[in-house]
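Labels below follow one simple rule: chain letters A, B, ... track the order of the sequence lines, proteins then strands, and each chain is numbered from 1. Bear in mind the structure is a predicted one, so any value in this text is a computation, not a measurement.
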Amino acid sequence: MQTAMAMVLAFTGGFVVMVLEMVGMRLLARDFGSSFYVWTSQIGIVLVALTLGYLLGGLVADRTHRPRWLGVGLVLAAAFTGGIPKFSASVTHYLVSRHAADQEIPLLWQKLDPALGAMLVFLPPCLILAMLPPCLIRWAASRVEHVGRISGFIYGAGSLGSIAGVFVSGYILIDVLPLPAIFRGTALVMVGMAAVCLGWNPEPQRRLSATNA
Amino acid sequence: MPDRQQRAPWTWLLAGAILAVHASAWAAVVFEAQSPYHHILVIDDRGRRVLSFDGTQETRMSLQDPLQGHFGYTELFHYAWLWNTNLSRVLMLGLGGGSSQRSFLHRYPQVRVQSVEIDPIVVQVATNFFQVRISDRHRVQVEDGRVFLRRTRETYDLILLDAYVKHRYGSQIPQHLATREFFELARDRLSTNGVLAYNVITVSRLGGRDAAPALARTLLSVFPQVYTFQAQDSLNAVLIATRSARRLSNAELVQRGIQLATSGLNAPPGLWQRVGSYRTSPPAGTQQALVLTDDFAPVESLDRRSR
């Protein structure tokens, strides 16, 4: 039961990250255009968020056995995500308009501006979402002998969610929903994930020494 | 970026087979590069130089006379003179092989052109292989068209957009260059009598429709009038949006054409004589089409949506 719940959370987390990445690209194109650097930035920054999130999530997982903390993080991430359509324009406007008008933007900034934009708008929620998998493995693995299997399940569910997120946003969401609705919907899904975390009380893990005894 | 009329599959097969046999004898690849955006080929083929992006012909130019051999639709941009007889500052978003740049700069000495091209390798190709000259009269900036429009403080008499992407899986408009917000940016950078000219590809596939009505509708949400010029030798159409609110009848357009023909303006031959042959009303289905916005621009699914 715990494993199933962890897998659902991992799947949803993977899904949401990819929706943010794909749909976020459209948002960035408004001010940065759709140059190759914009795609490069968005993909790169989401991977940065995942890396940092995994690292942080791992630290959190070892320190606390209470999903509540992550639930609070997810609520914050959801609030941030729901606000993206409102504040992203001011962030990207600021980045673009600090260059003198009527002059070509230096190549370095053509490359770095979209990355900075992606960092300010998409890194925070993706980072929090990426904290989930290491924590989920810790919480779902009530017996240390099952850690291998469970981490496999969590990785698999997360990747499957990402795959679904890519295709659902690219093939369906962008065609049927306005961008603000997609972000608000994503925020709602994150609130749901937060609720699950807040209400989850995982079984305490039995230690290796205890099983040997 | 033109789209040829559909032909029966067997004619294509036959043509393909003949080409495959003879291509090596006819065509020579002069330049090849992979840019961040396209696989770029420059091919010399029986007196004609061709620019190809990902296997689709982008520009054609006669090697004898660089002002000849171009795709017919590019001449439709010159109809902008019908609404503004004092064009001098022209912004062209998209350079490609520079058919329009070459033509405007050569024909109209009073015109200065600012080109914006997203792909730096395309700029090199245009200057090295397609006789595009960069000068005081022709400045080129490597940037996304929308980013340029957003940052520039210049105003233009004509903004010309030829940024369609066409490949074997169909044609596609860059979404951020097709929304109401984008056209508002463009309008704000146009002079009082300014004109926007937009190349679209109309597809007449059975049952399917195309982006032209949605684009016309979106233009109409920003500009008071939109006129259509359908190319006669390809599926391209040029939509001309004007800041002037008064709708000109076809008779008035013909009249203006006659005046321009005698004004000494060195436009492409026969251009003004053909004015009367266009049905300039917006494309069928424009009233029911979707206004594309930054929030909702499903350009990938316009075919299905308008069915």
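- For A100(A), the part lying near chain B is the backbone, with the side chain staying farther off; criterion is any non-hydrogen pair under 4.5 Å.
- Both the backbone and the side chain of D295(B) come within less than 4.5 Å of a heavy atom in chain A.
- Residue E143(B) touches chain A through its side chain alone, counting heavy-atom pairs closer than 4.5 Å.
- Q175(B) touches chain A through its side chain: at least one heavy atom from C-beta onward sits under 4.5 Å away, while N, CA, C and O do not.
- Counting heavy-atom pairs closer than 4.5 Å to chain B, the top residue among A181(A), G33(A), S97(A) is G33(A).
- Among V96(A), I105(A), I174(A), I182(A), the residue making the largest number of heavy-atom pairs under 4.5 Å with chain B is I105(A).
- In terms of heavy-atom proximity, F77(B) sits nearest to F104(B) at O-CZ, 4.1 Å.
- Between chain B and the residues D31(A), T40(A), L27(A), the most heavy-atom pairs under 4.5 angstrom are made by D31(A).
- In this structure, R98(A) is positioned above the aromatic face of W109(A), its NZ or CZ under 6.0 Å from the six-membered ring centre and within 45° of the axis.
- Neither the backbone nor the side chain of L107(A) comes within contact range of chain B; no heavy atoms are under 4.5 Å apart.
- H38(B) and F53(B) have parallel rings, their planes meeting at less than 30° on a 0 to 90° scale where 60° marks the start of perpendicular.
- The side chain to side chain contact (heavy atoms under 4.5 Å, CB included) test with Y37(B) is passed by exactly one of V122(B), I118(B), I121(B): I118(B).
- Side chains of Q2(A) and W200(A) form a contact here, defined as non-hydrogen atoms less than 4.5 Å apart.
- Using a 4.5 Å cut-off between heavy atoms, E104(A) touches chain B through backbone and side chain atoms alike.
- Contact check for F183(A) versus L20(A): side-chain heavy atoms found under the 4.5 Å cut-off.
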